[in-house]
Amino acid sequence: MAPGTLADEIRHKLGDVSPAERKVARVLLAGYPSAGFETMAVLAERAAVSTPTVLRFVNRLGYRGFPDFQAALRTELDERNASPLSLYEATDYGRSKGEPGEDLSLLQRGSNVFSGAVTQTLAELPPHDLDHAIRLLSDSKRRITLAGGRFTNLFAQYLGLHLMQLRDDVRFLPDRDVERTAVFAALHRRDVLVIFDYRRYEQDKVAMAELVQAQGGKVILFTDMWLSPASHHAEVVLPSQVAAPSPYDSLVPTLAVIETVVAGVLTALGEDAHQRMRHGEDTARRMGLY
């Protein structure tokens, strides 16, 4: 299973370090990942601590020194920016991926990889973020807008079509510039923008999230374990593993998260969702759509 990010490691250490070291951690998280490439002296100055305090903190993370910490950060950024081509060239996907001497079929490899990725994703999904996403999406006073990327637009559509059966005021971000501009110009604090953004992140997602936050709205971000830059402006971040038996990132775990969210929204809305579903089926039947 894939390890967590350095940001995850830093967050997990927040409760176990000294107050001075906690200042270092917060500076690193606030400017992640670029803050990690500052010199120790600059990082110490920004955190208002001594240089030895910075060194003690990275030691607590398991690194022998600051250069080791920065090397690990560089490795993580290489993974974060990897493309299917670079992954293909770095790994022989023609060989089985079992233990040495173990010959696994494609189906066996797929079963191992996908089941492990889904299990890890759901085990590591932050319960607070999941609950908050469900509260926002089930709040009938909020307007929901969904936006995806090159591949993930399919998942924005999938989640949105479910939500439309359960509640009012759900829409997809339009493709045309004039319409898209009108949507963002009319945003207010009751708006929720749901964004899907995975590695080789799309810059427009950062701009969208920043604008919604500035207008007082809320952003729910579905992303990978390296976290889209849009996470800096998101109220809720729901990360997923992306391991796959091919050089293409898998969205199977993301689908599991989406369906978990839908189940939560259905439960939160209760009888209102039931009546909405019944009315929708009756309407479709009268129109000859079923």
Side-chain angles (χ1 to χ4, degrees), residues 1-81 116-135 197-199 201 209 213 218-243 253-254 256-257 260-261 264:
M1 291 186 183
T5 65
L6 278 173
D8 291 331
E9 293 180 33
I10 294 169
R11 288 189 192 95
H12 291 156
K13 285 291 183 183
L14 282 175
D16 303 325
V17 298
S18 69
E21 291 166 352
R22 196 172 298 120
K23 291 181 181 179
V24 178
R26 296 201 182 282
V27 168
L28 286 169
L29 290 173
Y32 191 84
S34 58
F37 292 111
E38 303 280 10
T39 65
M40 278 204 300
V42 169
L43 190 56
E45 182 179 356
R46 291 179 58 192
V49 299
S50 66
T51 301
T53 299
V54 176
L55 183 57
R56 282 196 299 273
F57 179 71
V58 298
N59 289 158
R60 284 186 187 274
L61 293 175
Y63 300 99
R64 289 177 298 175
F66 202 63
D68 286 343
F69 169 78
Q70 291 184 321
L73 186 57
R74 276 190 288 272
T75 298
E76 179 180 304
L77 289 182
D78 287 342
E79 294 175 348
R80 187 183 189 188
N81 296 323
V118 170
T119 298
Q120 185 176 0
T121 293
L122 295 180
E124 296 179 348
L125 202 65
H128 173 271
D129 283 58
L130 177 62
D131 291 344
H132 196 18
I134 291 168
R135 284 196 301 273
D197 195 30
Y198 291 73
R199 70 175 167 183
Y201 311 104
Q213 184 186 47
K218 307 296 185 184
V219 176
I220 298 174
L221 173 68
F222 288 78
T223 186
D224 52 38
M225 61 223 187
W226 296 285
L227 304 184
S228 159
S231 63
H232 296 299
H233 308 289
E235 180 86 4
V236 174
V237 179
L238 300 173
S240 299
Q241 297 292 319
V242 295
T254 297
V257 175
T260 300
V261 169

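Heads up: numbering here begins at 1 and tracks the sequence.
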Engineer: Which residue pairs satisfy the salt bridge (charged side-chain N to carboxylate O under 4.0 Å, His left out) criterion with at least one member in residues 52-63, sequence neighbours excluded?
Structural biologist: Glu21-Arg56, Glu21-Arg60
Engineer: Whether the side chain of Thr223 engages the backbone of Ser228 through a donor-acceptor N/O pair (distance < 3.5 Å, no angle test) should be reported.
Structural biologist: yes
Engineer: Give, for atom CE of Met225 and atom CD of Gln120, the distance between the pair rounded to the nearest 0.5 Å.
Structural biologist: 7.5 Å
Engineer: Could you walk me through whether Phe57 and Ile10 pass the side-chain contact (heavy atoms from CB on, under 4.5 Å) check?
Structural biologist: CA-CA 9 Å; Phe57 179 71; Ile10 294 169; 3.9 Å; yes
Engineer: Show your working on side-chain contact (heavy atoms from CB on, under 4.5 Å) between Leu43 and Leu28 and close with a plain yes or no.
Structural biologist: CA-CA 8 Å; Leu43 190 56; Leu28 286 169; 3.8 Å; yes
Engineer: For Ala133, enumerate each residue passing the side chain to side chain contact (heavy atoms under 4.5 Å, CB included) test, keeping only those at least two apart in sequence or located in another chain.
Structural biologist: Ile220, Val236, Leu238
Engineer: One pair to check against side-chain contact (heavy atoms from CB on, under 4.5 Å): Leu73 and Tyr32. What are the steps and the verdict?
Structural biologist: CA-CA 10 Å; Leu73 186 57; Tyr32 191 84; 3.7 Å; yes
Engineer: If I compare all heavy atoms of Arg199 with all of Val242, which pair ends up nearest, and what's the gap?
Structural biologist: NH2-CG2, 4.5 Å
Engineer: Indicate the atoms forming the closest heavy-atom contact of Ala72 with Leu6, along with that distance.
Structural biologist: C-CD1, 4.0 Å
Engineer: Pro126 and Pro239: which non-hydrogen atoms are nearest, and at how many Å?
Structural biologist: CD-CD, 4.0 Å
Engineer: Among all residues two or more places apart in sequence or in another chain, which pass the side chain to side chain donor-acceptor pair (under 3.5 Å) test with Asn59?
Structural biologist: none
Engineer: Sorted by first residue and then second, give each salt bridge (charged side-chain N to carboxylate O under 4.0 Å, His left out) pair with at least one member in residues 31-40; sequence neighbours left out.
Structural biologist: Glu38-Arg46
Engineer: What residues form a side chain to side chain contact (heavy atoms under 4.5 Å, CB included) with Asp68, not counting sequence neighbours?
Structural biologist: Tyr63, Arg64
Engineer: Give a yes or no answer on whether the side chain of Thr121 reaches the backbone of Gln241 with a donor-acceptor pair at less than 3.5 Å.
Structural biologist: yes
Engineer: How far apart are the closest heavy atoms of Arg74 and Pro67, and which atoms are they?
Structural biologist: NH2-O, 4.4 Å
Engineer: Could you walk me through whether His128 and Asp131 pass the side-chain contact (heavy atoms from CB on, under 4.5 Å) test, one step at a time?
Structural biologist: CA-CA 5 Å; His128 173 271; Asp131 291 344; 5.9 Å; no
Engineer: Once side chain to side chain contact (heavy atoms under 4.5 Å, CB included) is applied, do any residues pair with Lys23, and if so which ones, sequence neighbours excluded?
Structural biologist: Ala47, Val49
Engineer: So, does Asp129 use its side chain to make a donor-acceptor pair with the main chain of Val237 at under 3.5 Å?
Structural biologist: yes
